[in-house]
Novice: 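My structure is below; once you've seen it, I'll send some questions.
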Amino acid sequence: QVQLVESGGGLVQAGGSLRLSCAASGLTFSKYAMGWFRQAPGKEREFAAAINWSGGSTDYADSVKGRFTISRDNAKNTVYLQMNILKPEDTAVYYCAARETNAILSRVPSWYDYWGQGAQVTVSS
């Protein structure tokens, strides 16, 4: 059974930092590109960041570029999202997702095969 489990969410002050982790099991991790998406109350789920199978290629939404960093450790079957200079508008449930890879990274949620349950991130002003 494939499972993606997020951890590291919580409450942080504006300007602070938080690191999310997503541990994968039940799949060959290095065969999958990984992504982070987020959904605020009353809004559509939106793309935040993606990383290819090796970690050599990344993609970021304009809203997080320069502040967030996606990375992965294939030996630990884990993908990370380091979030710096957090803003109140970053408040959302953050989901990790896995997609059996090809050469192209995707920003489209429906292209991903597996999803975690989500982690709440709240940024206070």
Side-chain angles (χ1 to χ4, degrees):
Q1 184 178 1
V2 173
Q3 286 191 310
L4 304 177
V5 181
E6 299 96 339
S7 61
L11 176 65
V12 65
Q13 295 279 345
S17 297
L18 210 58
R19 188 195 195 199
L20 300 180
S21 299
C22 175
S25 61
L27 52 73
T28 303
F29 187 66
S30 62
K31 292 185 179 293
Y32 287 81
M34 302 295 296
W36 287 96
F37 295 78
R38 64 188 188 179
Q39 188 167 24
K43 295 185 178 180
E44 298 286 341
R45 186 170 299 188
E46 67 174 4
F47 169 78
I51 190 166
N52 78 334
W53 70 273
S54 69
S57 183
T58 58
D59 185 31
Y60 297 94
D62 289 344
S63 58
V64 309
K65 193 170 186 178
R67 300 187 298 118
F68 290 12
T69 302
I70 188 171
S71 61
R72 68 189 295 159
D73 186 340
N74 285 352
K76 296 181 178 180
N77 287 4
T78 301
V79 64
Y80 306 95
L81 187 67
Q82 178 67 48
M83 303 182 292
N84 298 325
I85 320 174
L86 282 161
K87 305 174 180 179
E89 52 262 45
D90 295 319
T91 295
V93 176
Y94 284 72
Y95 299 90
C96 68
R99 185 174 75 92
E100 194 168 4
T101 192
N102 54 32
I104 303 172
L105 295 177
S106 177
R107 299 184 174 192
V108 182
S110 64
W111 287 21
Y112 285 78
D113 301 303
Y114 303 106
W115 292 83
Q117 294 286 82
Q120 178 69 52
V121 172
T122 302
V123 184
S124 62
S125 60

Novice: Between Trp115 and Phe37, how do the two ring planes meet: parallel, tilted or perpendicular, split at 30° and 60°?
Specialist: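 It falls in the tilted class, 30° to 60°.
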
Novice: Provide the closest heavy-atom pair for Trp111 versus Ser106 in the form atom of the first, atom of the second, distance.
Specialist: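 Closest approach of Trp111 to Ser106, heavy atoms only: CE3-OG, 3.2 Å.
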
Novice: Kindly give the heavy-atom pair with the smallest separation between Ala119 and Glu6, and that separation in Å.
Specialist: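 Closest heavy-atom pair between Ala119 and Glu6: CB-CB, 3.9 Å.
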
Novice: Report the distance from atom OG1 of Thr69 to atom CE of Met83, rounding to the nearest 0.5 Å.
Specialist: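 So the gap between those two atoms works out to 11.0 Å.
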
Novice: Please check this pair: side chain of Tyr80 against backbone of Asp73, looking for a donor-acceptor N/O pair closer than 3.5 Å.
Specialist: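 No: the side chain of Tyr80 does not pair with the backbone of Asp73.
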
Novice: Has Thr91 got a side-chain atom pairing as donor or acceptor with Val123's backbone, closer than 3.5 angstrom?
Specialist: yes

Novice: State the CG-CD1 distance between Leu20 and Ile70, to the nearest 0.5 angstrom.
Specialist: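 Atom-to-atom, Leu20:CG and Ile70:CD1 are 10.5 Å apart.
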
Novice: Please determine whether the number of non-hydrogen atoms from other residues, nucleotides or ligands lying under 6.0 Å from atom CD of Gln120 exceeds 12.
Specialist: yes

Novice: Taking the side chain as everything from C-beta on, heavy atoms only, tell me whether Leu86 gets closer than 4.5 Å to Phe68.
Specialist: yes

Novice: Can you tell me how far the CG atom of Leu18 sits from the CG atom of Asn84, to the nearest 0.5 Å?
Specialist: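 If we round to the nearest 0.5 Å, Leu18:CG and Asn84:CG are 10.0 Å apart.
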
Novice: Any link between Tyr95 and Val121 through a network of hydrophobic side chains (Ile, Leu, Val, Met, Phe, Trp, Tyr) touching at under 4.5 Å?
Specialist: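 Different clusters: Tyr95 never reaches Val121 through Ile, Leu, Val, Met, Phe, Trp or Tyr contacts under 4.5 Å.
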
Novice: What I'd like to find out is whether the side chain of Val64 reaches to under 4.5 Å of the side chain of Trp36, using heavy atoms alone.
Specialist: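 Answer no - side chains too far apart.
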
Novice: When you measure from the side chain of Arg107 to the backbone N and O of Tyr60, does any donor-acceptor pair fall under 3.5 Å?
Specialist: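 Yes; at least one donor-acceptor contact below 3.5 Å.
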
Novice: From Ser125 OG over to Glu89 CD, what is the distance, rounded to the nearest 0.5 angstrom?
Specialist: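 Answer rounded to 0.5 Å: 10.0 Å.
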
Novice: Determine whether Tyr114 and Val79 fall in the same hydrophobic cluster, where Ile, Leu, Val, Met, Phe, Trp and Tyr are linked whenever their side-chain heavy atoms lie under 4.5 Å apart.
Specialist: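 In one cluster with Tyr114: Val79, yes.
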
Novice: Measure across Leu4 and Cys96 and return the closest heavy-atom pair with its distance rounded to 0.1 Å.
Specialist: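 That closest heavy-atom pairing would be CB-SG, 3.7 Å.
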
Novice: Can you tell me how far CG of Asp113 sits from CZ of Arg99, rounded to the nearest 0.5 angstrom?
Specialist: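 Interatomic distance, Arg99 CZ to Asp113 CG, rounded to 0.5 Å: 8.0 Å.
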
Novice: Who pairs with Ser57 by side-chain contact (heavy atoms from CB on, under 4.5 Å), at least two apart in sequence or on another chain?
Specialist: Asn52, Leu105

Novice: Any idea which heavy atoms bring Val12 and Ser17 closest together, and the distance?
Specialist: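 Nearest pair, atom of Val12 first, then Ser17: CG2-O, 3.8 Å.
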
Novice: Where do Gly118 and Val93 come nearest, in terms of heavy atoms and distance?
Specialist: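 In terms of heavy atoms, the two residues are closest at CA-CG1, 3.8 Å.
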
Novice: Between Arg72 (side chain only) and Phe29 (backbone N and O only), is there a donor and an acceptor less than 3.5 Å apart?
Specialist: yes

Novice: side-chain hydrogen bond (donor to acceptor under 3.5 Å, both in side chains) with Glu46: which residues, sequence neighbours excluded?
Specialist: Arg38

Novice: Out of curiosity, Gln3 CD to Cys22 SG, how far, rounded to the nearest 0.5 Å?
Specialist: 11.0 Å

Novice: Looking only at heavy atoms, what is the nearest atom pair of Leu27 and Tyr32, with distance?
Specialist: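 Taking Leu27 first and Tyr32 second, the nearest heavy atoms are CB-CE1, 3.9 Å.
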
Novice: Any donor and acceptor pair, going by atom type alone, linking the side chain of Asn77 with main-chain N or O of Gly26 inside 3.5 Å?
Specialist: no

